> 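Got a structure for you, written out below as structure tokens; questions coming shortly.
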There are 2 protein chains.
Amino acid sequence: MSGKKLKAVEHPPVTARRQHKADAKAAATHPPPRQRPLTRIQKEKQDIILEAALEVFSVHGFRGSTIDQIAEVAGMSKPNLLYYFPRKEEIHRRLIAALLDTWLAPLRDFDQNGDPFTEIRSYIRRKLEMARDFPRESRLFANEMLQGAPRISEMIEIDLKALVDEKAKILLTWMEQGRLARTDPYHLIFSIWATTQHYADFDVQVRAVLGKGRNGEGRFEDAARYLEQLFMHGLSPKPRMNGSA
Amino acid sequence: MSGKKLKAVEHPPVTARRQHKADAKAAATHPPPRQRPLTRIQKEKQDIILEAALEVFSVHGFRGSTIDQIAEVAGMSKPNLLYYFPRKEEIHRRLIAALLDTWLAPLRDFDQNGDPFTEIRSYIRRKLEMARDFPRESRLFANEMLQGAPRISEMIEIDLKALVDEKAKILLTWMEQGRLARTDPYHLIFSIWATTQHYADFDVQVRAVLGKGRNGEGRFEDAARYLEQLFMHGLSPKPRMNGSA
DNA sequence: GGAAATTTTGACCAGTTGGAAAAATGTTAG
DNA sequence: CTAACATTTTTCCAACTGGTCAAAATTTCC
């Protein structure tokens, strides 16, 4: 039953093709993107706006957020905000760009020459700290992923993939050397991402389930302890003899 | 620097207080929610709408989705859709309600009398299957969480918490019996949720990173194998003597 | 201090969005 | 067949949204 065809959702769904009459002139009434090296005041205001935008975008996603909301959180009028960032997308783009850089830093630091378990442990720890200290960034990222990463598909298909490939190779080497349990390095990385970011992205759920008791900093301490145990034991190379060919 | 106060985002952010002139009459022109036992045709149409709404809401979240989008996906006009669900929120509420029920079923089945490892393994497997077979539901849920679960806070603070408390107790018992590694049962459950749902919520990322190679069904097979290894080894009760007090 | 440049504001616009009303078109039981 | 009911379409609206623009307020630099 229900023979009606259900069309799939597309991405630039309703808005976006409304190009208005902007950009043709670009920088007539908007001096910020000028040749000048960007005043200190401009930098400050932009930071305030980006802060506010992070607050809003991370909760409602791109489409669900409005310039008015961001302007209100930033404590300025909408036209004023638009003076610094002529379009909504630009704000989002800036946030995402800055995010990706910081977000992957811990993985970049993953060191070939280190001890496998030390490296993995400190990676988990750093990711968990990021979830604790930058939950909004984590949610912004999650929001983007949930939506199919329309604005950063290139970034993840190329840069991210390359980085993960590189690190997966390191893990593989360690496994071959018997210093790490033989397993799928990609899924290993996924599981670290998932478990750590969970504490930022599903924060409400975690809080609700843990109740009012263990919820302050302790929450993250416990998580760190648990994850460490899980991964250290789960990945230790068993001296069993059933792996090699 | 930047002494401007940054207001926090509230939830019924901009819209929502626009109550129009609805609800006062309720069911003057909208017969569906009548006393009649709901025709088969009505049921069908509602299902089509809910299907379409799931498609849209799961990607763009509540605020980011529009009735027009849903109507288009459902293959009907907006007023026609509104004939079946007088308001947007109602559609969402219905989806969420149905979701929560199915979503927690695997955890409910967690059996006190089973073998710890069998239970955990099959729980992981079922959750992973759900991520594979119902990714939209997973994303709908994730979207709701990211937004701070404004529409289901009660549900998770009461029902979900109670359920998890109950299962955590079971895990604790097993740990005390030495049948499972002594660890934090709550974070154990979180980590299973996180790792399995990751494959639905961050699907684009997973696909991008894995590349075109291992991506069909194999993706989930590999994930299952990896997670099984991780959790089975990570949670096995080491015969080491360093845990007790 | 004052002209030039920068920043902010207020009024305004066109397109979108959630929803209302009512007319028009089926459907169905008698 | 037709009255009563169910469904769909057309038209319309007010609030919201992203964005413009010119004038006003402020800051900067000589």
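In what follows, every chain begins at residue 1, and chains take the letters A, B, ... in the order their sequences are listed. This one's a predicted model, so the numbers in the text were calculated from it and none came from an experiment.
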> May I have the distance from A:Phe85 (atom CZ) to D:dT17 (atom P), rounded to whole angstrom?
20 Å
> Is the phosphate of D:dC16 approached by B:Arg63 (side-chain N or O, under 4.0 Å from OP1 or OP2)?
no
> Check this one for me: any side-chain N or O of B:Arg87 less than 4.0 Å away from OP1 or OP2 of C:dA20?
yes
> Once salt bridge (charged side-chain N to carboxylate O under 4.0 Å, His left out) is applied, do any residues pair with B:Arg207, and if so which ones, sequence neighbours excluded?
B:Asp203
> How many Å lie between CD1 on B:Ile67 and P on D:dA15, as a whole number?
17 Å
> Classify the side-chain pair A:Asp222/B:Tyr186 by whether it contains a donor and acceptor separated by less than 3.5 Å.
no
> Just how far, in rounded Å, is C1' of D:dT7 from CD1 of B:Ile49?
12 Å
> Report yes if at least one side-chain N or O of B:Asn80 is closer than 4.0 Å to OP1 or OP2 of D:dT9; otherwise report no.
yes
> How many Å lie between CD on A:Gln46 and C1' on C:dT6, as a whole number?
14 Å
> It should be established whether B:Gln42 places a side-chain nitrogen or oxygen under 4.0 Å from OP1 or OP2 of nucleotide D:dT7.
yes
> So which one's nearest nucleotide on DNA chain C is more toward 5', A:Pro79 or B:Ser65?
A:Pro79
> Is a side-chain donor-acceptor pair under 3.5 Å present for B:Tyr123 with B:Asp109?
no
> State whether the distance check finds a donor on one side and an acceptor on the other, under 3.5 Å, for side chain A:Lys78 versus base D:dG18.
yes
> What is the distance, rounded to the nearest whole Å, between atom CG of B:Leu82 and atom P of D:dT7?
15 Å
> Using only side-chain N and O atoms of A:Tyr83, determine if any of them is under 4.0 Å from OP1 or OP2 of C:dT7.
yes
> Is there a side-chain polar atom (N or O) of B:Ser77 under 4.0 Å from OP1 or OP2 of D:dT8?
no
> Please enumerate all residues that pass salt bridge (charged side-chain N to carboxylate O under 4.0 Å, His left out) together with A:Lys78, with sequence neighbours excluded.
A:Asp68
> Just wondering, are more than 12 heavy atoms of other shown residues or ligands nearer than 6.0 Å to CZ in B:Phe134?
no
> Please report the distance, rounded to the nearest Å, between CE in A:Met76 and P in C:dT8.
7 Å
> Using whole Å, report how far CD of A:Glu44 lies from P of C:dT6.
17 Å
> May I have the distance from A:Asp68 (atom CG) to C:dT9 (atom P), rounded to whole angstrom?
14 Å
